[in-house]
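In what follows, chains are A, B, ... by sequence order, proteins preceding strands, each numbered from 1.
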There are 2 protein chains.
Amino acid sequence: MVPESIRRAGVPEATVGRLPLYLRALTTLHDQGITSIASEELASRSGVRSTQLRKDLSHLGSYGVRGVGYDVELLAAQIAQELGLTQEWPVVIVGMGNLGRALAAYGGFSGRGFRIVALVDDDPEVVGTLVEGLRVMTLADLAAKGPTVAIGVITTPAPAAQTVAQNLVRMGVRSILNFAPGHLNVPDGVDVRGVDLATELQILAFHEQRRLLAVSTHDPLQEGTDSEAMG
Amino acid sequence: MVPESIRRAGVPEATVGRLPLYLRALTTLHDQGITSIASEELASRSGVRSTQLRKDLSHLGSYGVRGVGYDVELLAAQIAQELGLTQEWPVVIVGMGNLGRALAAYGGFSGRGFRIVALVDDDPEVVGTLVEGLRVMTLADLAAKGPTVAIGVITTPAPAAQTVAQNLVRMGVRSILNFAPGHLNVPDGVDVRGVDLATELQILAFHEQRRLLAVSTHDPLQEGTDSEAMG
DNA sequence: ATGACTTTGTGAACGCTTGCACAAAGTCGC
DNA sequence: GCGACTTTGTGCAAGCGTTCACAAAGTCAT
């Protein structure tokens, strides 16, 4: 068994990105009353290969039983701990447009490791109103007399996002989830993840176009040169 | 110069994922009246290294001028063509909850390669109502008498997502953007991209926790660094 | 207790992605 | 026209992530 300090430092980024997937599948299994599961089945439900699942899990220790599989509850607890979901992270949503309100109304936060503790907007018409039981405040209010937050969610229009990010960083936020299109410039040590509708659609469009072109042109070159190793 | 058939087959997936980033930066530059830009500057605005930008662009041909840089308008047009944005892809949004309505109201679709041509829900209270100028229909309506769609956006609750996906595939949709949590099971040849709020937050939480643990366990790297440097 | 069977955990090979170093190809001042 | 300078495009090496193959370690029937 690997020492904890080494193992924790060594979880690859790609694995971290899949742990939430596994956790969700395990939660569903738990709700269905299933107490034990093999890697093959869990991988299938998560949309990955079983070898990848096992390698991923090997990075956080050996929690499986050979010949049997994994204890659903135990594994879920281990992943939750690895992801830091044993505590509740305070979240602020900045930007009370349609998307910001939709996120505020989304129930998937509380009880799953996150709690919305503040809502922010700069429109005087919106500031002071109640949204989902929380009173909307300005960024200045948040910095001066608001609760401390660990994670900032930006749902403002694109031009405001950079300034908002700077303000959040100044008040100590080091994890930002950005729904505004475009790249945010932040100091080292601040973690930004971007969720961009346009980007995702454009990637889909690329593949859609490639499919159409492949059908319409019947290009034999693609079969010959490109690696055709697919099941 | 490489023949088009080979070059098109050879664009790596990682590059495709960054092309929208470059395109956005170029659009912004164009709006600012800038007509030419070097890879160093464009990379900086896109949040990537200049060598990576150049290698990415090399996969779609040589559109730069050595000693000068890239023509903003020309490069934007080339990327747009590569991504298949010269035509308008018809999009359907399934699920008229808060998120679905927010996306329907989002202006970033039309004029940028996508147009929402149908809105779908299964709630009798919602079907038939007007949302953003479109009349909400059922999936059955869409299949029977709706417009053809190329891309389906799923914003339903999680339990309905799998069934919706199957219906979309059955009516010929091969590109799906899924906002519902969980993994969708689709036939080969169908492209699913998942956008999951919980996953993104959990990844942030992982890094946030790792930072806190690093500080509390006396890591000299993290101490006394009050990051004040920002552009 | 034992042998057949199941499933995990992991070293090794493979492929994809990124970063480096540098030649190629252009511009610009004079 | 020419040399100095700038910037692109790319072969190559290093690093990372995924997949394969298989030993290790357990269960279960008898």
Side-chain donor-acceptor pair under 3.5 Å between Ser175(B) and Arg193(B), yes or no? no
In whole angstroms, how far is the C1' atom of dT8(D) from the CD atom of Gln78(B)? 16 Å
Note: contacts of residues 69-77 of chain B with DNA chain D (heavy atom, under 4.0 Å) are Gly69(B), Tyr70(B)
CD of Glu13(A) versus P of dC16(D): gap in Å, rounded? 12 Å
Under a 3.5 Å threshold, yes or no: a donor from one side chain and an acceptor from the other, between Gln81(A) and Thr86(A)? no
Whole angstrom value for the distance that separates C1' of dG9(D) from CG of Asp56(B): 13 Å
In B/S/- notation (B base, S sugar-phosphate only, - none; protein heavy atoms under 4.0 Å), nucleotides 19-30 of chain C written 5' to 3' is B----BBSS---
Measure the spacing between CG of Leu26(B) and CD1 of Ile34(B) and express it to the nearest 0.5 Å. 10.5 Å
Under 6.0 Å from the CD atom of Gln166(B), do we count more than 12 heavy atoms belonging to anything else shown? yes
Between CG on residue Leu75(A) and CD on residue Glu82(A), distance to nearest 0.5 Å: 11.0 Å
Value in whole Å for how far the C1' atom of dT8(C) lies from CG of Leu60(A): 14 Å
Mind listing the residues from residues 27-44 of chain A sitting with a heavy atom below 4.0 Å of DNA chain C? Number order is fine. Ala38(A), Ser39(A)
Listed partners of Arg54(A) passing salt bridge (charged side-chain N to carboxylate O under 4.0 Å, His left out), at least two apart: none
Just jot down the salt bridge (charged side-chain N to carboxylate O under 4.0 Å, His left out) partners of Arg18(A), sequence neighbours excluded, or say none. Asp56(A)
Does a sphere of radius 6.0 Å around CD in Gln87(A) hold more than 12 heavy atoms from other residues, nucleotides or ligands, not counting ones at 6.0 Å or beyond? yes
Distance check, rounded to the nearest 0.5 Å: Ile151(B) atom CD1 versus Trp89(B) atom CH2? 7.0 Å
Given Leu53(B) and Leu42(B), is the side-chain contact (heavy atoms from CB on, under 4.5 Å) satisfied, shown in steps? CA-CA 8 Å; Leu53(B) 169 65; Leu42(B) 180 56; 3.8 Å; yes
Holding to salt bridge (charged side-chain N to carboxylate O under 4.0 Å, His left out), I want the full list of residues that pass it with Arg115(B), two or more places apart in sequence or in another chain. Glu88(B)
Atom-to-atom span, CG of Leu53(B) to C1' of dG9(D) - whole angstrom: 12 Å
